[in-house]
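Model, not experiment: these values are computed from the prediction. What's counted below: heavy atoms across the whole structure, side chains too, no hydrogens, waters or symmetry copies.
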Amino acid sequence: MTQSFIDTAETRRLSVRVASSFASAWLVPRLASFVHQHPDIQIQIVTDNTQAHQKYECEIRYGHGKWPGMRMERLWAEKLRLLVAPNAIHIQSAAEIDQHVLIYTDSRVHGWAELLQKYRIALPVNSSGLHFDRTTLALEAAKAGLGIALESTLIAQRAIRDGLLKRVLDDVEIEDEAYYLVCGEGPPSDAFRKFRDWLFQQLESRAA
């Protein structure tokens, strides 16, 4: 990945690179409180991974946390859980998973294989499932009752709260990678420090 971090401690403009699914489902709906608390900070959200020339001060990155030459803090250690539309799919045990359509996301391509192996579930040979390149689309498919999603409850938090999705089989889950706040090795700006503090406050209250 191209190194594009801004190394400055003076700017009142903060550019944050983040995956579009995390931005739309979790970060942007909460940004009003940051803007209200810090009206003097101009914040820019960057989601286009193709813009290698785009400069940004920090990134919310999903992965293994091993990126040389960067400073990072773990935000959220992820577990993937089963999510369905409340009135469309009813499932009482892991043994019933193979009776439903599975919804796959490219970024978690191995998730279902790991879960099925963990719980010793064999899918029918003609089972193909639904495949999406973005988490938000996989969650929309689950909301529409098209199948079972194996996804982040952090990303799906508002849909769960609003009754559009529900977790099923709370004891069925797999460990996944984590979200990290990543920045360059230069001195952090005051804007970054305030964003970092706000971000952790939001994560601490995520269950509210």
Side-chain angles (χ1 to χ4, degrees), residues 12-51 54 56-63 72-88 103-108 111 132-168 170 173 176-183 189-208:
R12 301 300 295 174
R13 176 176 175 273
L14 181 69
S15 183
V16 183
R17 184 175 177 179
V18 58
S20 60
S21 57
F22 186 92
S24 61
W26 193 90
L27 180 60
V28 172
R30 292 166 170 79
L31 269 182
S33 68
F34 180 82
V35 174
H36 178 74
Q37 292 174 34
H38 306 290
D40 57 325
I41 297 175
Q42 179 187 357
I43 189 163
Q44 178 187 27
I45 305 299
V46 180
T47 63
D48 189 350
N49 291 332
T50 66
Q51 296 184 24
Q54 176 70 54
Y56 52 93
E57 185 172 353
C58 64
E59 179 178 2
I60 298 174
R61 186 180 294 186
Y62 188 74
M72 65 198 75
E73 294 181 86
R74 190 168 71 170
L75 299 173
W76 171 264
E78 191 66 286
K79 290 184 179 180
L80 304 183
R81 294 185 168 91
L82 304 179
L83 300 171
V84 301
N87 298 318
I103 299 173
Y104 295 82
T105 307
D106 287 352
S107 60
R108 310 184 196 281
F132 297 94
D133 65 346
R134 296 182 184 275
T135 296
T136 47
L137 293 177
L139 293 177
E140 287 300 319
K143 289 179 192 177
L146 299 180
I148 305 173
L150 180 63
E151 287 294 344
S152 160
T153 54
L154 180 68
I155 300 298
Q157 184 180 42
R158 289 205 167 198
I160 294 171
R161 185 198 65 188
D162 294 342
L164 301 175
L165 287 171
K166 72 172 182 178
R167 284 172 47 179
V168 292
D170 282 349
E173 63 184 25
D176 204 52
E177 295 181 332
Y179 291 96
Y180 292 84
L181 181 62
V182 182
C183 61
S189 68
D190 179 63
F192 168 79
R193 288 192 293 267
K194 289 178 178 177
F195 177 74
R196 180 235 180 241
D197 291 345
W198 172 84
L199 188 60
F200 276 97
Q201 289 171 4
Q202 293 296 309
L203 286 164
E204 288 169 3
S205 62
R206 62 184 176 268

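Atom OH in Y180 sits 14.0 Å away from atom CD1 in I60 (nearest 0.5 Å). Once rounded to the nearest 0.5 Å, the distance linking OG1 of T135 with CD1 of I103 reads 12.0 Å. Atom CG of L181 sits about 14.0 Å away from atom CZ of R74, to the nearest 0.5 Å. Here CG of L154 is found 14.0 Å from NZ of K79. Values are rounded to the nearest 0.5 Å. Atom-to-atom distance recorded for W76:CH2 and S152:OG is 7.0 Å, nearest 0.5 angstrom. Taken to the nearest 0.5 Å, the CZ atom of R17 stands 7.0 Å off from the CZ atom of R61.
Salt bridge D197/R193: absent, no basic N to carboxylate O contact under 4.0 Å.
Below 30°, between 30° and 60°, or above 60°: for Y179 and F22 the angle between ring planes is between 30° and 60°, a tilted geometry.
Heavy atoms only, all atoms of each residue included: A138 and A149 are closest at O-CB, 4.4 Å. Across all non-hydrogen atoms, the minimal contact from S15 to V46 is OG-CG2, 3.4 Å. The nearest pair of heavy atoms linking F192 to C58 is CE1-CB, 3.6 Å. In terms of heavy atoms, A23 sits closest to V18 at CB-CG1, 3.7 Å. Across all non-hydrogen atoms, the minimal contact from T136 to S21 is CG2-CA, 3.7 Å.
The shortest side-chain heavy-atom distance between W198 and L31 falls under the 4.5 Å cut-off. With a 4.5 Å cut-off on side-chain heavy atoms, V168 and R81 do not count as touching. Residues F195 and E57 have side chains not in contact (no heavy-atom distance under 4.5 Å, counting atoms from C-beta outward). Considering only heavy atoms from C-beta on, L139 stays 4.5 Å or farther from L164 through its side chain. Proximity of L150 to L82: side-chain heavy atoms (C-beta onward) are separated by under 4.5 Å at one or more points. L83 is listed as a side-chain neighbour of R167, based on a closest heavy-atom distance under 4.5 Å. Taking 4.5 Å as the limit, some side-chain heavy atom of S33 sits within range of a side-chain heavy atom of Q202.
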Decide side chain to side chain contact (heavy atoms under 4.5 Å, CB included) for Q201 and R30; before the verdict, give the C-alpha distance in whole Å, the side-chain angles of both, and the deciding distance to 0.1 Å. CA-CA 11 Å; Q201 289 171 4; R30 292 166 170 79; over 6 Å; no
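Side-chain contact annotation: R134 with S20, donor-acceptor N/O pair under 3.5 Å present.
In this structure, D170 places its CG atom where more than 12 heavy-atom neighbours from other residues, nucleotides or ligands lie under 6.0 Å away.
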